[in-house]
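Report on the structure given below.
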Amino acid sequence: MLIRKTSVIAIVLVFALFGCAFSESGALPPDEVFEEAKTALACMSQRDYAGAIRALNAQSWLSEKTLRQNIDANCRHLYDVFVQDQYAVAWLSGTGLYLAVPVEEPSDGYADVIVYLLSNRFEFTALRFFKWSDVERELKTTSYIKWLDEYRPSYTVFPD
């Protein structure tokens, strides 16, 4: 009788753990959300603030004036660079769900990154600019990460 109860409890625990893992992985955004974030970044670089707000469906919390002021204060060179459209990463932390798109290839920790805060329904709720080193630090603290196209530095090591 004890063996039977132990077996049932073990099976229930396995399914519970599987369910938790599945729910956490399902908490990361689909590829379409990554594409919307990258489209918004491209619009911002072209000073198309209305297009960026439409791409993010952010009319309720973001105005063109606020977006322009945020870019001017935190990432003014966004207007002068050819923004990358390949890399993006999302992660789930204790403070929320985030999606980051580097402005340029993040070849060092000083590259600017736009970080979006997402709701649990994958709606954009805020955005801020950070450095790539800040994003890397966050990625090291969580195991729930999804890359649209994972960034792998391309450099050559020459042995002595």
Self-check item: Pairs meeting criterion ring pair (Phe, Tyr, Trp, His ring centres under 6.0 Å) with involvement of residues 37-78, two or more places apart
Solution: none
Self-check item: Sequence neighbours excluded - ring pair (Phe, Tyr, Trp, His ring centres under 6.0 Å) pairs with any residue from residues 93-120
Solution: W91-Y98, Y116-F124
Is there a donor-acceptor contact under 3.5 Å from the side chain of [X] to the main chain of [Y]?
X: N74; Y: N70; result: yes
X: D134; Y: R137; result: no
X: Q84; Y: Q86; result: yes

Are [X] and [Y] close enough that some pair of their side-chain heavy atoms sits under 4.5 Å apart?
X: Q59; Y: R54; result: yes
X: P106; Y: V113; result: no
X: L41; Y: L78; result: yes
X: L99; Y: F122; result: no
X: P29; Y: L118; result: yes
X: V101; Y: L148; result: no
X: L117; Y: L127; result: no

Give, for atom [atom1] of [X] and atom [atom2] of [Y], the distance between the pair rounded to the nearest 0.5 Å.
X: S63; Y: I53; atom1: OG; atom2: CD1; value: 6.0 Å
X: Y87; Y: W132; atom1: OH; atom2: CH2; value: 10.0 Å
X: E64; Y: R47; atom1: CD; atom2: CZ; value: 13.5 Å
X: E32; Y: T39; atom1: CD; atom2: OG1; value: 11.5 Å
X: I145; Y: L139; atom1: CD1; atom2: CG; value: 4.5 Å
X: L97; Y: S119; atom1: CG; atom2: OG; value: 8.0 Å

Practice problem: For a salt bridge (Lys or Arg N to Asp or Glu O under 4.0 Å) with D112, tell me which candidate from K131, R128, R76 qualifies. | Solution: K131
Quiz prompt | Sequence-distant partners of K140, side chain to side chain contact (heavy atoms under 4.5 Å, CB included), two or more places apart | solution = none
Self-check item: Test side-chain contact (heavy atoms from CB on, under 4.5 Å) applied to D31 and K146, step by step
Solution: CA-CA 10 Å; D31 291 352; K146 179 180 179 181; 3.3 Å; yes
Quiz prompt | Over all atoms of both residues, closest heavy-atom pair of L56 and E36 | solution = CD2-O, 4.4 Å
Quiz item: For A40 and A52, which heavy atoms make the closest approach, and how far apart are they?
Solution: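 So the minimum-distance heavy-atom pair works out to O-CB, 3.6 Å.
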Quiz prompt | Name of the residue among I71, V103, V83 meeting side chain to side chain contact (heavy atoms under 4.5 Å, CB included) with S45 | solution = V83
Quiz item: Pick from T141, T142, V135: which one makes a side chain to side chain contact (heavy atoms under 4.5 Å, CB included) with E138?
Solution: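 Only one of T141, T142, V135 forms a side chain to side chain contact (heavy atoms under 4.5 Å, CB included) with E138, namely T141.
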